[in-house]
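Lettering follows sequence order; numbering is per chain, from 1. All values reported here derive from a predicted model rather than from experimental measurement.
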Protein chains: 2
Amino acid sequence: MATIRDVAKLAGVSVATVSRVINKNGYVNQGTEQKVRKAIQQLHFEPNAVARGLASKRTGTIAVILPDITNPFFAEMARAVEDEARKHGFTVILCNSDDQGAKEKTYIEVLKKKYIDGIIFASQTLGKEDVAQMKKHNIPLVVLDRAPSEEDCSIVRSQNSMGAQVAVRHLLETGCRKIAHIYGPQEITTAKERLLGYEHAVKGFDWFTPTLMVPGNFRLDGGMKAVELLLEQHPDVDGIFAGNDLMAVGALKALHRLGIRVPDQIAVCGFDGIYLTEIMEPELTTVAQPIYEMGSLAAEILIQKINGTLQENQVCELEVSLIARNSTRRERMK
Amino acid sequence: MATIRDVAKLAGVSVATVSRVINKNGYVNQGTEQKVRKAIQQLHFEPNAVARGLASKRTGTIAVILPDITNPFFAEMARAVEDEARKHGFTVILCNSDDQGAKEKTYIEVLKKKYIDGIIFASQTLGKEDVAQMKKHNIPLVVLDRAPSEEDCSIVRSQNSMGAQVAVRHLLETGCRKIAHIYGPQEITTAKERLLGYEHAVKGFDWFTPTLMVPGNFRLDGGMKAVELLLEQHPDVDGIFAGNDLMAVGALKALHRLGIRVPDQIAVCGFDGIYLTEIMEPELTTVAQPIYEMGSLAAEILIQKINGTLQENQVCELEVSLIARNSTRRERMK
DNA sequence: CTGAAAGCGCTAACAG
DNA sequence: CTGTTAGCGCTTTCAG
């Protein structure tokens, strides 16, 4: 555990000089630099990150706060964030919030104490106060996937309302004449936007009635329960657009248990594009977001902000794309 | 950003005293403690974790190194680790290694520099040198899921060989008379143990032949390819035991594409007990490990080691349990 | 281009 | 029970 002092001594220079060469800042004579590098090698010197953090207030660590890493959507995002972070020499702290404001706040407290360099927030919308506080403490923030566009921070999101409309249109095209929607928790922006998109797309049809919109929870079981509820009220539904893939998978499962054939009797379309959709039988049609790209873009923006390469807040809305698969491929279409 | 000095001044005591009350160590007079607490409140003082880390060499941070958070098995483990860590006031750094030794080593370097308090290793078996090095640097280590039992560190694992035998026996009981095995990468201990367990269970049968053991990669696509390969050589196979659930899912998928009915024509059994097995159609029989428990146990042991509550290395082998589902429920059994 | 020196904010002997 | 005082190992002015 050699220290910078040992290196300085061995190289016959001051610690300041050593610091300059390891940080590549300030002018250092070529010769001196060589001496220093040699000393570093000889002593197997590795700068101590904690000491560095204390002195510079930068720790090379970012945090990603998400609802639950067990959710494949967030796992993929987290993976992207970590990959991008590593590329830039940053390390990632994982925080599962379960969408509980309390946990989120606790984390933010802890992270501040740890001199975290920045935060990627993919959990429930954080309040304006939080954003303001982060800003005051001068800790960069980028919000991922779930954020109203008015917040004062960088945002990476995708076209939710539009995607929902695309989904509905697709279901109509495959021949559906009564399409229901399973929506996610309305505190979550994306869920709300998708619901709005659905409403917008269907409100002109005479078959539309508000009870075609049934609540879910963005989880598998929510999708299952929603289907049961839905079919009680509307046994004649022939298309379901779920607010996310997890619920679509749940719906598929429930339909299967009820002995209802997909897509013949009911077509199903999800939203997100997680890999699960490809695994299911039938494979699930979905409105795919570029999940990995969203994660790495968020990390990239964050790191640029940290490095000061980027000043203004970015608001990126990425494109979604419909991936048509067997869960909406009707007999008649073949 | 009040510092401990500000608090000391306001409370009219020394920084040492303040340090004592925030760390709850050493004796402090009740009255003084009250004064200090009051000062802390007034100033909204929050001890700086980095400074603390530098002075004490403990950062309240642990790392979990795993192959890929995108793999549901590891996501669940990571979740468990994080939950347990948070309970104890620790924070978790996420490291995806892709089972590449190089990445693992790089991480270990970085983590050392950051004064990480301990590491949970769920990635490819790390070499004895690594373990020794960790030990030298006095950084606690617990190896999760994938480790030979001879290493000099704490280990949390489950009964792989036994589980494999249970799987084979189960397949036999459901009426299979020619059972194949798709095994995982042999560098990975668990894969090897399961293969051995399979061999042990089947070697007495006259139908057994080595080509019934086909290689996979512990991933979905590996399971799919393995099935194709297998059926070319052994069209009469009527049972498949996959080395993990992901490959079992892949196998299911491939069989479905080939128009082979599961379980009627071929029964399939996986290993791990990830939630995916419940989602599939048919639901997948699997030898379940207590994944979450493994993660939290590992974290618990690690934290005890960090806190000095625990000295000796623990080697925990947890029980597996067969969960029989429709992928092995044969016609004849109904 | 280089060095001296003052911290960063806290912990932990050691003395009292 | 409490205060003094060294550091922890590095960064960063400020002179030179």
_B/Leu54 CG - C/dG7 P separation (whole Å)_ = 17 Å
*Are A/Lys103 and A/Asn96 linked by a side-chain donor-acceptor pair shorter than 3.5 Å?*
no
*Rounded to the Å, how far apart are B/Asn48 CG and C/dG7 P?*
17 Å
*B/Ser19 vs C/dT11: side-chain N/O to OP1/OP2 distance below 4.0 Å*: yes
*Mind calculating the distance between NZ (A/Lys9) and P (C/dA4) to the nearest angstrom?*
12 Å
_I want to confirm an ordering. Mapping B/Arg20 and B/Ala51 to their closest nucleotides on DNA chain C, which one lands closer to the 5' end?_
B/Ala51
*asked:* Starting the side chain at C-beta, find the nucleotide from D/dC8, C/dC8, D/dT2 nearest to A/Lys57.
replied: C/dC8
_Distance in angstrom units between B/Lys113 NZ and D/dC10 P, rounded_ = 11 Å
*Scan side-chain atoms only and decide if B/Glu84 and B/His88 contain a donor-acceptor pair under the 3.5 Å cut-off.*
yes
*Given C/dA12, C/dG3, C/dC10, which nucleotide is nearest the side-chain atoms of A/Val13?*
C/dG3
*Closest listed nucleotide, where the reference is the side chain of B/Val15 and the choices are C/dT2, C/dT11, C/dC10*: C/dT11
_Taking the minimum atom-to-atom distance to the side chain of B/Phe45, which one of D/dG9, C/dC10, D/dG3 wins?_
C/dC10
_Working to the nearest 0.5 angstrom, can you tell me the gap between B/Gln314 CD and B/Leu297 CG?_
8.5 Å
*Spacing of A/Lys114 atom NZ relative to C/dC10 atom P, expressed in whole Å*: 15 Å
_Checking the side chain of B/Thr59 only, and the main-chain atoms of B/Tyr115 only, is there a donor and an acceptor separated by less than 3.5 Å?_
yes
_Does A/Glu33 form a salt bridge (Lys or Arg N to Asp or Glu O under 4.0 Å) with A/Arg37? I'd like the steps, not just the answer._
CA-CA 6 Å; A/Glu33 176 165 353; A/Arg37 292 210 178 288; 2.9 Å; yes
*N/O (side chain, B/Ser14) to phosphate O (OP1/OP2, D/dG3) under 4.0 Å*: yes
_Check: A/Asn48 side chain, A/Val50 main-chain N or O, donor-acceptor pair, under 3.5 Å_ = yes
_Euclidean distance, atom NZ of residue B/Lys35 to atom C1' of D/dT2 [Å, nearest integer]_ = 11 Å
*Going by number, which of residues 22-33 of chain B have a non-hydrogen atom under 4.0 Å from DNA chain C?*
B/Ile22, B/Asn23
*Select one nucleotide: of D/dG7, D/dG9, D/dC10, the one nearest the side-chain heavy atoms of A/Ile4.*
D/dC10
*asked:* Can you tell me which nucleotide in D/dG9, C/dT11, D/dT12 comes closest to the side chain of B/Tyr115?
replied: D/dG9
_Ignoring hydrogens and geometry beyond distance, is a side-chain donor-acceptor pair present between A/Thr61 and B/Lys114 at under 3.5 Å?_
yes
*Starting at the 5' end of DNA chain C, which residue's closest nucleotide do you reach first, B/Val50 or A/Gly12?*
A/Gly12
*Rounded to whole angstrom units, what separation is found between the CZ atom of A/Arg58 and the C1' atom of C/dC8?*
15 Å
_Just N and O in the side chain of A/Ser56: are any of them under 4.0 Å from OP1 or OP2 of D/dC10?_
no
*asked:* Between B/Ser296 and B/Tyr292 (side chain of the first, backbone of the second, donor and acceptor by atom type, cut-off under 3.5 Å), is there such a pair?
replied: yes
*Rounded to the Å, how far apart are A/Arg52 CZ and D/dC8 P?*
18 Å
